[in-house]
Amino acid sequence: MSNKRTLRSRNSKSQDLSNLFNFDYINPYVQKSKAIKVSSKTSSVNLYHYSEDSKLPPKSSTQKPMNVKLVDDIESPRKSKLRDDPLEDSIYETFHKQMWRQESRMVNSDRLRLMSDFDTLNNQKKQLDQYSWDKFLPSITKINNVNDHEELERKRLLTLNEIDRRMSQYQNWKKRLENFKNQKKLSENSYKLDEYSTPIDVLRQSRLSERELPIRPIKLILNNGYSLYIDANSTPKIVKDSNSLTSDEVVTKSLHSNDSRRSKVTTKATRNLRLNTRSVIKKRLIKRSLPSKKSKRITRSVQPKISDILPVNKSSWR
Amino acid sequence: MVDNGSKIHRRNKSTTYDLTSTDEGYGVMKRPNIKLVTLGNYQIEPWYGNGAYFNDKGVKKELGVEADLHDKLDEHTVSEGYWLDNLYVCEYCFKYTSIKYKYQAHRAACRHNKPLPTIGKLVYRDDDSPYLIRKVKGYEDTLFCQNLCLFGKLFLDDKSVFYNVDQFEYFILYGFDDNDIQADTKEPNFKPMGFFSKETISWDGNNNLACICIFPPYQRKHLGTLLIEFSYAVAKVTPGQSLSGPEFPLSAFGKVSYYRFWSQKLSIFLLDYLNKRPKFSLQEVAELTGFRKEDIMLTLDYMKVLQVQKSGDLSILLGNIRQFCLDHKIDPTQETGMLKVDCLII
């Protein structure tokens, strides 16, 4: 097995085959789950060798200096004497942003390459679906004998399957990327349990309910100086929010807006959000009203009385 | 060799990006460019170089964050072959500087310098050992994760993401430093001892770990095994990761750690599972262990327990597994591991 796990052959004896699918060395035990017999014997003869990767690296490559010294000349001043942190976050801001942009370009170029590869696969699939697919196949997949019709047929099917698998992998990745972007936009649950004094069982149950309900807490800005927090793990709450504009401020802002198109888009987005929120609340109400054991358990676990929670083994933390 | 886990493109971790003017590239530097790094009260010799700390403008290599500092001490002496003689890194938040007095002042002011860490989310709490693991998301605590990556690179030979950490989650292992306990001056704080990162939307959806590092003062305590075991526990509750493993290619240290881990787990599992079974498939073992089929095959090859029969079929030799256990001091009757399932909060 090569370092990079790939179906693309990197054999380049007669022509550049690096971009061809190669189905000549499919491992039946790994790819097709072929059965392996069990023997009670001990032997060092005819041992199976799967890959060069299974060998450990030379010891010299994992021997590093363990020169760790304790130094005592870097004592800090007492906290009480300290005024400011000389290493405030802002010190790192400019340089880190600049480097972040450079790394982002790298990530974006990777994504563009993925998109271009997806297009290539799409084209290859179209070619293999054509009447004259056998003309195209050798430029897509490694063929040992172009006159062997059985090989061509077999490898066409294998190639189409592999193309489908990769295309669905791309779609899956794209979907996960979209989900991730949405997840980033939503704020994290701010009603956390005390992680060190809450019993582990209660914490675990709380995490389980978070996982079971993939919908994150929602902050609905009411535009009256308040926001509505809707969280599946607790009762909805109306909280004062400095980011939330009052209704007068909303009108003023809208009047002063130079970009009417943008404001229309925002209104539409807000309406969609409200509609979505309604459906989410509805779904949760339905879920909560179901008389299942699970829903009862969740409701009980997410609202523990702090006074009921005994500190666990606190002495071991100190 | 072909493999189902292939993909259209995999970013090779050794790809060099022209972000600095080093010949060796951004993520890979053959030799350390920083002579000493001070982490808390420890002075450590870095294992590898890290160009990403530095500004590339001008001939003089200086930390990117200090490039425009006017109050910088000019008496910085740099030994031949290095870009910097001493880098000071906060043991709690990994903020860095080359200026000692700033570091000293920061240590006391650091908001993470407290008995119990609060960054991110607690995902493992072992009240007895005691060890904690906290999950920190790259897009939520960006600066912390960036600084962690930059520091980690000094002990990782191949790492290419330091700043654009949005799509990564970091699992930080905290514990008590033996020297703090011995010092007995005050109640010790939990300190970061190592971490592993995980790409949240990796191309190969079955990667449960991108890179792993235990900081040198805390090595040889089997903490790497604890984190590897934990990475599989996280994968179990991650959609699409019922079978998972580390991102390939593995580094030299990665190989040693993973082969030790896999072989130990598989020896114990197989001697029990294959008892009175005439045959098995890698798929079965994968589903029961959570390891990928390719990783299992690699490990069986490493253990030298598969034999080619005259018919061309493969057999697994239980005698060879027992011999492997003897040679590697593995007790096949006893499940070993660092992770306590009862302490998981995932």
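Not measured: the values here are computed from a predicted model. Order of the sequence lines fixes the chain letters, A, B, ..., with proteins taken first and strands second; residue numbering starts at 1 for each chain.
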Leading residue by heavy atom contact count with chain A [cutoff under 4.5 Å; candidates B/E45, B/M297, B/Q323]: B/M297
B/D166 portion near chain A, given a 4.5 angstrom heavy-atom threshold: both
Residue, of B/I44, B/I316, B/L344, that accumulates the most heavy atom pairs under 4.5 Å with chain A: B/I316
Region of A/E88 in contact with chain B, defined by heavy-atom distances below 4.5 Å: backbone
Selection from A/N67, A/I91, A/L177 maximising heavy-atom pairs under 4.5 Å formed with chain B: A/N67
Short N-O contact, B/K293 and B/D295, less than 4.0 angstrom: no
N/O donor-acceptor pair under 3.5 Å between B/D301 side chain and A/S51 backbone: yes
Test item: side-chain donor near acceptor, B/N41 and B/N179, under 3.5 Å: no
Per-residue contact mode, A/Y92 against chain B (heavy atom under 4.5 angstrom): both
Axial cation check for B/F324 ring with B/R322, 6.0 Å and 45° limits: no
Interchain contact, A/K55 with chain B, by part (heavy-atom threshold 4.5 Å): backbone
Which atoms of B/F155 approach chain A - backbone, side chain, both or neither, heavy atom under 4.5 Å: neither
Short side-chain to backbone donor-acceptor contact, B/Y124 and B/K340, under 3.5 Å: yes
Which portion of B/P117 sits near chain A, non-hydrogen atoms under 4.5 angstrom: both
Residue selection (most heavy-atom pairs with chain A, distance under 4.5 Å) from B/V256, B/T142, B/L63: B/V256
Pairs of heavy atoms under 4.5 Å with chain A: top-ranked of B/Q219, B/E284, B/K95, B/Q167: B/K95
Parallel, tilted or perpendicular: ring planes of B/Y259 versus B/Y302, cut at 30 and 60 degrees: parallel
Test: A/E178 and A/K174 ion pair at under 4.0 Å: no
Among the listed options A/K64, A/R204, A/K34, the residue most often paired with chain B at heavy-atom distances under 4.5 Å: A/K64
Heavy-atom pairs under 4.5 Å with chain A, option from B/L314, B/L317, B/L306, B/L318 with the top count: B/L314
Any donor-acceptor N or O pair under 3.5 Å, side chains A/T141, A/T159: yes
Under 3.5 Å: donor-acceptor pair, side chain of B/D313, backbone of A/I36: no
Top contributor to chain B contacts, counting heavy-atom pairs under 4.5 Å, from A/V68, A/D201, A/V45: A/V68
Chain A contact via B/P278 - which portion, at a heavy-atom distance below 4.5 Å: backbone
Residue part contacting chain B, namely of A/W173, when any heavy atom lies under 4.5 Å: side chain
Heavy-atom pair count under 4.5 Å with chain A, highest-scoring of B/Q283, B/Q307, B/Q309: B/Q307
NZ/NE/NH1/NH2 to OD/OE distance under 4.0 Å, A/E195 and B/R134: yes
Pick from A/K97, A/K41, A/E93 with the largest number of heavy-atom pairs that fall under 4.5 Å of chain B: A/K41
Engaged part of A/S61 at the chain B interface, taking heavy atoms whose separation is under 4.5 Å: both
A/R176 and A/N172 side chains, donor-acceptor separation under 3.5 Å: yes
Flag for A/D117-A/T120: side-chain donor and acceptor within less than 3.5 Å: no
